[in-house]
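Presented below is the structure to which this report refers.
Predicted model, so just to flag it, every value in this text is computed and none were measured. Per chain, numbering begins at 1; letters A, B, ... match sequence-line order.
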There are 2 protein chains.
Amino acid sequence: MLREEKLYTTSSDYVYDELLHKILMRQMKPGERLAEVNLAVALGVSRTPVREALRRLASQGLLEIIPNVGARLVSPSQKDVEDTFKVRSVLETTAIRFALQNMDDTNLEELEEGIAQEEKAIRRGEFEEYLAVNEDFHRIIAHLSGNEVLESFIKNCIARISIYTAIIDSPIHEILESSLSEHKKILEAIRERDVSKAEKNMEEHMINTSNFLFSYGKKMV
Amino acid sequence: MLREEKLYTTSSDYVYDELLHKILMRQMKPGERLAEVNLAVALGVSRTPVREALRRLASQGLLEIIPNVGARLVSPSQKDVEDTFKVRSVLETTAIRFALQNMDDTNLEELEEGIAQEEKAIRRGEFEEYLAVNEDFHRIIAHLSGNEVLESFIKNCIARISIYTAIIDSPIHEILESSLSEHKKILEAIRERDVSKAEKNMEEHMINTSNFLFSYGKKMV
DNA sequence: TCCTCCCAATTTGGATCCAAGATATATGAG
DNA sequence: CTCATATATCTTGGATCCAAATTGGGAGGA
């Protein structure tokens with residue numbers, strides 16, 4: 001895995017990336033406890049860099065740290081996730097508006113390539129791979145906005161939502177297909193350089209994703 | 001000062017709040033170096049909690065930490081600040097829209113009281129006091145949105161912008177007056193429960209603040 | 001049987017210590 | 001006199017250590 005090959009200047013960064021990756025890959029469940037020594041031993045470092053990484057994640061709203069008790073992954077309520085989607089929606093529509101101004105053919109190809117990989121992962125039933133490429137679509141657009149603050153906020157929203165969706169053990173094929181087709185619709189608007197259509201498609205994608213999530217969540221209960 | 005009386009459960013939180021306060025009060029300049037031992041001695045703690053606080057601030061985009069070199073306050077370019085204002089604008093218009101749905105008479109009084117304090121501080125020429133209450137107007141609205149993610153992002157934008165405005169040593173009375181009158185216009189729209197007017201006034205306030213900042217910045221050069 | 005209190009074990013918060021990297025100074029060659 | 005190299009000093013990264021807080025369990029009493 002590339003992530004492991006990456007050379008880190010500090011152990012703290014290594015631990016941070018490792019934990020964030022686990023979160024994005026849904027390898028941790030909401031409310032899960034993160035004991036410092038466990039992580040330190042598992043990652044082959046001391047408690048110091050582990051603690052620094054935990055504080056960073058906590059300040060981004062991904063962990064909750066209670067003094068003298070410890071850190072656990074947040075356990076977002078349905079309202080928390082809805083709130084996150086509301087914010088994400090305005091941020092992503094803004095991002096796609098900016099991105100359209102900056103985008104050239106190379107960028108467009110990159111997005112198309114990403115969607116092709118999504119499709120391939122779904123067809124092959126490679127869920128791990130799907131998770132790795134799915135949100136890349138959004139991250140690429142966020143990046144193309146050329147606005148670093150916007151990009152970091154969007155990434156944060158995605159991470160927050162990842163924690164919630166980790167409770168869904170076996171993803172419903174229906175959701176994946178639907179998400180893919182919405183990505184295609186957004187891409188189509190981008191190809192046509194139709195700003196308001198792109199914004200509209202993006203907003204609908206956010207609403208649909210949110211709704212799908214909760215209609216599924218209710219079924220589970 | 002109340003902040004000093006506050007009881008902290010951890011030294012790390014204490015250091016964090018202390019540094020954030022200095023940033024919001026424009027007591028630190030962009031690019032300023034933050035040596036760990038200096039801060040530790042100044043605040044009467046060891047390097048450990050200082051380092052944790054520095055990482056937290058860095059993960060929020062307020063500090064830049066270079067491995068083996070150290071931490072310094074970020075030194076945002078004009079584009080960085082413009083980008084921050086763009087994001088802040090969409091976040092704050094969203095916040096005021098949500099806030100209007102939740103707001104009762106008590107909340108309205110709180111906003112009016114805040115604006116009265118702003119006015120008082122300006123009249124008396126108490127700049128320190130002005131800084132303390134000025135952005136409270138925005139923080140209150142962000143809080144009334146009832147959306148914690150939105151609130152945290154808005155606060156982060158305000159902090160980022162505070163760093164930039166710290167280069168303005170003596171604030172121009174003109175800016176303060178103009179900001180105050182815009183707050184009053186926003187409040188007026190809130191009183192009338194006019195959502196689109198409130199959004200419009202808020203957006204204009206953002207644009208004006210941003211423009212004022214840069215027209216002033218150019219004069220300085 | 002259940003509740004309360006107390007003690008042991010575990011875990012975190014924070015201080016200290018050491019090594020490694022970076023910076024600044026000084027030294028020597030051209 | 002200038003530049004390059006070497007060295008000393010300073011600062012950070014990370015490991016370890018100790019104290020304090022929390023948790024879990026067991027003993028004792030109602």
Side-chain angles (χ1 to χ4, degrees), chain A residues 3-23 28-75 163, chain B residues 3-23 28-75 163:
Chain A
R3 182 174 43 85
E4 288 169 7
E5 289 165 12
K6 182 176 166 188
L7 291 179
Y8 289 94
T9 47
T10 69
S11 303
S12 179
D13 285 345
Y14 165 64
V15 176
Y16 174 80
D17 275 17
E18 207 64 31
L19 291 176
L20 185 59
H21 178 80
K22 271 184 191 287
I23 290 173
M28 307 190 73
K29 301 295 170 195
E32 183 174 329
R33 186 126 198 295
L34 291 106
E36 294 174 2
V37 261
N38 289 356
L39 293 171
V41 172
L43 298 172
V45 296
S46 82
R47 276 177 58 212
T48 310
V50 170
R51 287 184 53 184
E52 288 176 356
L54 292 179
R55 310 293 160 139
R56 279 173 68 186
L57 291 165
S59 87
Q60 289 166 22
L62 305 180
L63 301 185
E64 185 187 16
I65 296 180
I66 300 173
N68 293 312
V69 175
R72 49 182 63 240
L73 207 58
V74 292
S75 183
I163 293 176
Chain B
R3 183 173 42 86
E4 289 168 8
E5 289 166 14
K6 182 175 165 188
L7 291 179
Y8 287 94
T9 46
T10 69
S11 304
S12 178
D13 286 344
Y14 165 64
V15 176
Y16 174 81
D17 275 16
E18 206 65 29
L19 291 175
L20 186 58
H21 178 79
K22 271 184 191 287
I23 290 173
M28 306 190 73
K29 300 296 170 193
E32 183 174 329
R33 185 125 199 294
L34 291 107
E36 293 174 2
V37 264
N38 290 355
L39 293 171
V41 172
L43 298 172
V45 296
S46 81
R47 277 178 56 213
T48 310
V50 171
R51 288 185 53 184
E52 287 176 356
L54 293 179
R55 309 294 159 139
R56 279 173 68 185
L57 291 165
S59 88
Q60 290 167 20
L62 306 180
L63 302 185
E64 185 185 15
I65 296 180
I66 301 174
N68 294 312
V69 175
R72 50 181 64 238
L73 206 59
V74 292
S75 182
I163 293 175

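In terms of heavy-atom proximity, B/Ile65 sits nearest to B/Leu54 at CD1-O, 3.8 Å. B/Met28 approaches B/Ile23 most closely through the heavy-atom pair SD-CG1, 4.3 Å.
Atom-to-atom, CG of B/Leu54 to P of C/dG14 comes out at 14 Å; the value is rounded to the nearest Å. Across the protein-nucleic acid pair, A/Leu34 atom CG and C/dT11 atom P stand 13 Å apart, rounded to whole Å. Residue A/Arg72 contributes atom CZ, which lies 15 Å from atom P of D/dT22 at whole-angstrom precision. If you take OH of A/Tyr16 and P of D/dG14, they are 16 Å apart, rounded to a whole angstrom. Summarising the geometry, the separation between CG on A/Leu39 and P on D/dG14 is reported as 16 Å, rounded to the nearest angstrom. What separates CG of A/Leu43 from P of D/dA15 is a distance of 11 Å, to the nearest Å. A/Asp13 has its CG atom 16 Å from the P atom of D/dT12, to the nearest Å.
Between A/Thr10 and D/dG13, a side-chain N or O to OP1/OP2 separation shorter than 4.0 Å is absent. Between A/Arg55 and C/dG13, a side-chain N or O to OP1/OP2 separation shorter than 4.0 Å is present.
Contact check of residues 56-66 of chain B against DNA chain C (heavy atom, cut-off under 4.0 Å) returns no residues at all.
With sequence neighbours excluded, no residue satisfies side chain to side chain donor-acceptor pair (under 3.5 Å) with A/Glu32. Judged as a side chain to side chain contact (heavy atoms under 4.5 Å, CB included), and not counting sequence neighbours, the contacts of A/Ser75 are A/Pro30. When the side chain to side chain contact (heavy atoms under 4.5 Å, CB included) test is applied to B/Val74, the partners found at least two apart in sequence or on another chain are B/Glu64, B/Pro76, B/Ile163. With sequence neighbours excluded, the residues forming a side chain to side chain contact (heavy atoms under 4.5 Å, CB included) with A/Asp13 are A/Tyr8, A/Thr9, A/Thr10, A/Arg56, listed by chain and number. Residues passing the side chain to side chain contact (heavy atoms under 4.5 Å, CB included) test with A/Asn38, sequence neighbours excluded: A/Ala35. Every side chain to side chain donor-acceptor pair (under 3.5 Å) that A/Ser59 has, sequence neighbours left out, goes to B/Ser59. For A/Arg72, there are no side chain to side chain donor-acceptor pair (under 3.5 Å) partners two or more places apart in sequence or in a different chain.
Nearer the 5' end of DNA chain D, as judged by each residue's closest nucleotide, is the contact made by B/Ala35, out of B/Ala35 and A/Pro49.
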Give the intermediate values and the outcome of side-chain contact (heavy atoms from CB on, under 4.5 Å) for residues B/Leu20 and B/Leu62. CA-CA 9 Å; B/Leu20 186 58; B/Leu62 306 180; 3.9 Å; yes
Can A/Val15 and A/Leu39 be said to form a side-chain contact (heavy atoms from CB on, under 4.5 Å), step by step? CA-CA 9 Å; A/Val15 176; A/Leu39 293 171; 5.7 Å; no
Starting at the 5' end of DNA chain C, write a dot or bracket for each base, bracketing those in Watson-Crick or G-U wobble pairs whose two distances are under 3.5 Å and using | for partners on another strand. ||||||||||||||||||||||||||||||
Name the pairs: protein N/O against N/O of nucleotides 16-22 of chain C, kept only if under 3.5 Å.
none

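The base of C/dG14 has none of its N or O atoms less than 3.5 Å from a complementary donor or acceptor on the side chain of B/Arg51.
The list of salt bridge (Lys or Arg N to Asp or Glu O under 4.0 Å) pairs with a residue in residues 35-45 of chain B, not counting sequence neighbours, reads B/Glu36-B/Arg47, B/Glu36-B/Arg51.
Closest contact between the side chain of B/Val37 and the listed nucleotides D/dT12, C/dA15, C/dT12 involves D/dT12.
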